[in-house]
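Below: one structure, written as structure tokens.
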Amino acid sequence: MRRSAIQRVASTAGGLLDARVSIGRALGRARATSTSASDGTVNVVPRWATADPWGMSRAAGAARGANLIAGAWREITDESRATKIVDPMNKSETDAFIVLPSTDTKQEIDEVARSLASCPKSGLHNAFKAPERYVMWGDVSMRLAQEFRKPEVEEYFARLIQRVAPKSHAQALAEVVVTRKFLENFAGDNVRFMARGFSVSGDHLGQQSHGLRWPYGPVAVITPFNFPLEIPVLQLMGALFMGNKALVKSDSKVSVVLEQFIRLMIECGAPATDLDFIHSDGVTMNSILSAAKPKMTLFTGSQKVAHHLARELEGNVKLEDAGFDWKILGPDVGDVDYVAHVCDQDAYACSGQKCSAQSILFMHKNWVDVGIESKLAALAGERNLEDLTVGPVLTLTTKTMLDHVDRLAALPGARVAFGGKELKDGNHSIPSQYGAIEPTAVFVPLKTIMASEENFKLVTTEIFGPMQVLTSYDDEELPLVLDACERMDAHLTAAVVSSDEMFSQRVLGSTVNGTTYAGRRARTTGAPQNHWFGPAGTPMAGGIGTIEAIRLVWSCHREIIFDRGPVESDWKTPPRA
């Protein structure tokens, strides 16, 4: 009786779910391998996984990636062409800890392009075509959320994230939890609810206009290294929910995490042909996009690449690019220790490798007077490599970051407030191609920042690492602070830390950042599933996480006007107008 009921559930949505997968999941027949950790806990590698975060540092246990193209996994066939990723935590390890397909031959590029281009402009489903797939994706999201609630699966992804993009366990686990909550949000009917339209009565009997959310068809998702699970999963799932076929690529340093999620997603009933997934460099991806011409591409990453793609793809993009993110501490001082804690987290959690990281802190003189700078220095000094509260920077070298610190400190009146040195004075095992510096802050006087275009450009250069700029202002200098915010050109996140409503209103009314926090608890970082996260100030701004973000990025508006009649029995052809 139980098996029969499970089979009926697995056969819903037009048979799109594989009943055998569903039955196996429901009856708990999944197998896993496990090893014992030094602390006595058991480390579980799920049966669907191909990467072991606890063992992949050894040459013999290197994780091996595969591409998913046209519904089939493609393993590495030529070891001499494989891409090898160096362990960011062990410079003595001579062998790669991840080995990936290069995906760079013309044959491979053409195959991926053909698979993506096979999707029609009307998508894989829409309001009139295969609507049962909305139900199917709600079911897949539910099953994924159930898997993510299992402690062993949650810990598996947290450890895998830590392994490839070293950050504290708390930060890695938070990424897994946000992903799970997103999947819970779109379980059941919420996928089709998100695609709901509206109707308006027409001018005569039988006429009605219907506004619909319509898929683009073939789309692409390109995501960075710093959130290996959360960013690609939320964007990929949004694309699939709306009826698109997606080609997805994550930064090769961390793409093994997304591959494991996709393997789990297929286990949970997702059609493998609904997406293509590749490991590749940016040059290869650019070639594929040029050949396949997706109708929409979502890019999260550097501003330089974002602008290149906007030109290359003729504007058919949504971007969540750079963020030189500001925080203003208002004139009213309170909850000093709490505010200092949030400032430290915003600037240095994940070693500052967040597009929402606090890049510049405008401190009202009242905050300076209560010693906010010394509190920040003390909190930053507690961060260490052992628990990964500070760690390797994956896109910049130590020299690059410290050279920037020196240039800032050379400005008139500037000084290194704290940090400004290599992590542990160089006594660490981080390879030289990555960066390793102490949490750092450079104080630059506000008038120096605004004295010239050269100074302003230098100070507002985003450094994707544990580094921020500090400056101070008084009541009369607030217009100068707002002018600085106006002159910045990356409007992602911001924070106004104040309980003074008139002050907050003035700042909020004069700025544009897409995700802005206001109030005593205001922060710059944090992209939970319950609010929009994305930039503003450009028509190409993309978002993530919410219904509004998914509808904006992964669907367009289509209006269908039904005009059914009747035609009046005494109707006659009128004169030509």
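All values below come from the heavy atoms of this structure, side chains included, with hydrogens, waters and symmetry mates left out.
Between Lys424 and Glu386, at least one side-chain N (NZ, or NE/NH1/NH2) sits under 4.0 Å from a carboxylate O, which counts as a salt bridge. Salt bridge status for Glu154 with Lys150: absent, with no side-chain N to carboxylate O gap under 4.0 Å. Using a 4.0 Å cut-off between a side-chain N of Lys or Arg and a carboxylate O of Asp or Glu, Arg383 and Glu438 do not qualify as a salt bridge.
With a 6.0 Å cutoff to the six-membered ring centre and a 45° limit on the axis angle, Arg506 does not count as a cation-pi contact of Phe503.
Annotation: side chain of Leu247 is in contact with side chain of Met285 (closest heavy-atom distance under 4.5 Å). With contacts defined as side-chain heavy-atom distances shorter than 4.5 Å, the pair Ile430/Leu385 qualifies. The closest side-chain heavy-atom distance from Pro228 to Glu175 is below 4.5 Å. Looking only at side-chain heavy atoms (C-beta outward), Gln353 and Phe227 stay at 4.5 Å or farther from each other. Looking at heavy atoms from C-beta onward, Glu147 lies in side-chain contact with Leu264 at the 4.5 angstrom threshold. For the pair Lys327/Ile360, no side-chain contact is recorded, criterion being any heavy-atom separation below 4.5 Å from C-beta on. Within the 4.5 Å cutoff, side-chain heavy atoms of Glu422 are placed close to those of His428. By the 4.5 Å heavy-atom criterion applied to side chains, Tyr434 and Thr397 are not counted as neighbours.
No more than 12 heavy atoms of other residues, nucleotides or ligands lie within 6.0 Å of CD in Glu314, so this atom counts as exposed by the packing criterion. For Arg415, the CZ atom is densely surrounded, since the number of other residues' heavy atoms within 6.0 Å is greater than 12. Within a 6.0 Å sphere centred on CD of Gln433, other residues, nucleotides and ligands contribute more than 12 heavy atoms. Within a 6.0 Å radius of CD in Glu152, more than 12 heavy atoms belonging to other residues, nucleotides or ligands are found.
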Steps toward side chain to side chain contact (heavy atoms under 4.5 Å, CB included) verdict (Ile222, Leu298): CA-CA 6 Å; Ile222 306 172; Leu298 180 283; over 6 Å; no

Test log, rule salt bridge (charged side-chain N to carboxylate O under 4.0 Å, His left out), inputs Lys421 and Asp425: CA-CA 7 Å; Lys421 298 191 301 181; Asp425 293 321; 3.8 Å; yes

Worked check of side chain to side chain contact (heavy atoms under 4.5 Å, CB included) between Asp251 and Ser255: CA-CA 6 Å; Asp251 188 300; Ser255 54; over 6 Å; no

Tyr517/His531 under ring pair (Phe, Tyr, Trp, His ring centres under 6.0 Å): CA gap, chis, key distance, verdict: CA-CA 11 Å; Tyr517 296 85; His531 71 63; 5.5 Å; yes

Stepwise side chain to side chain contact (heavy atoms under 4.5 Å, CB included) check, Trp326 with Met488: CA-CA 10 Å; Trp326 51 262; Met488 296 176 198; 3.7 Å; yes

Worked check of side-chain hydrogen bond (donor to acceptor under 3.5 Å, both in side chains) between Asp332 and Ser498: CA-CA 6 Å; Asp332 52 312; Ser498 177; 2.7 Å; yes

Full working for side-chain hydrogen bond (donor to acceptor under 3.5 Å, both in side chains) between Tyr348 and Gln358: CA-CA 8 Å; Tyr348 304 123; Gln358 178 178 298; over 6 Å; no

Worked check of side-chain hydrogen bond (donor to acceptor under 3.5 Å, both in side chains) between His279 and Ser252: CA-CA 6 Å; His279 302 278; Ser252 294; 5.8 Å; no

Lys354 and Gln171: CA distance, side-chain angles, deciding distance, side-chain hydrogen bond (donor to acceptor under 3.5 Å, both in side chains) verdict: CA-CA 11 Å; Lys354 296 184 180 182; Gln171 290 287 317; 3.2 Å; yes

Test log, rule salt bridge (charged side-chain N to carboxylate O under 4.0 Å, His left out), inputs Asp87 and Arg163: CA-CA 8 Å; Asp87 188 342; Arg163 194 67 193 87; 2.5 Å; yes

Arg520 and Asp335: CA distance, side-chain angles, deciding distance, side chain to side chain contact (heavy atoms under 4.5 Å, CB included) verdict: CA-CA 8 Å; Arg520 182 74 78 206; Asp335 304 297; 3.3 Å; yes

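A distance of 8.0 Å separates CE in Met296 from CG in Asn244, rounded to the nearest 0.5 Å. Considering CG of Asp344 and CD of Gln468, their distance stands at 8.5 Å, rounded to 0.5 Å. In this structure, Glu230 CD and Phe533 CZ are separated by 8.5 Å, a value rounded to the nearest 0.5 Å. Distance OG1/Thr400 to CD1/Ile437: 10.5 Å, rounded to 0.5 Å. Here the straight-line distance linking atom CZ of Phe148 with atom CZ of Phe157 works out to 4.5 Å at 0.5 Å rounding. Note: Thr461 OG1 to Arg407 CZ = 8.0 Å, rounded to the nearest 0.5 Å.
In summary, the side chains of Asp325 and Thr493 do present a donor paired with an acceptor at a separation below 3.5 Å, with no hydrogens or angles considered. A donor-acceptor contact under 3.5 angstrom links the side chains of Asp387 and Thr389, judged on distance only.
Within the structure, every pair that satisfies the salt bridge (charged side-chain N to carboxylate O under 4.0 Å, His left out) test and touches residues 440-455, not counting sequence neighbours, is listed here: Glu453-Arg487. Sorted by first and then second residue, the ring-ring contact (aromatic ring centres under 6.0 Å, His included) pairs with a member in residues 438-493 read Phe225-Phe464, His364-Tyr473; sequence neighbours excluded.
Of all heavy-atom pairs spanning Val512 and Ala536, the tightest one is O-CB, 3.1 Å. Here the shortest heavy-atom pairing between Tyr216 and Ser555 reads OH-O, 3.4 Å.
Legend: residues meeting side-chain contact (heavy atoms from CB on, under 4.5 Å) with Asp281, ordered by chain and number and at least two apart, are Val283, Thr284. Under the side-chain contact (heavy atoms from CB on, under 4.5 Å) criterion, Val333 pairs with Val336, Asn366, Trp367, Val370, sequence neighbours left out. The side-chain contact (heavy atoms from CB on, under 4.5 Å) check on Pro535 picks up Glu320, Leu492, Ala541, with sequence neighbours excluded. With sequence neighbours excluded, the residues that form a side-chain contact (heavy atoms from CB on, under 4.5 Å) with Glu312 are Asn286, Ser290, His308.
Evaluated for a side-chain contact (heavy atoms from CB on, under 4.5 Å) with Val444, the options Thr471, Val459, Asn455, Leu470 yield exactly one hit, Val459.
Remark: side-chain polar atoms of Thr516 are not paired, donor with acceptor, to backbone N or O of Ala494 under 3.5 angstrom. Arg159 places no side-chain N or O within donor-acceptor distance of the main-chain N or O of Trp54, the cut-off being under 3.5 Å.
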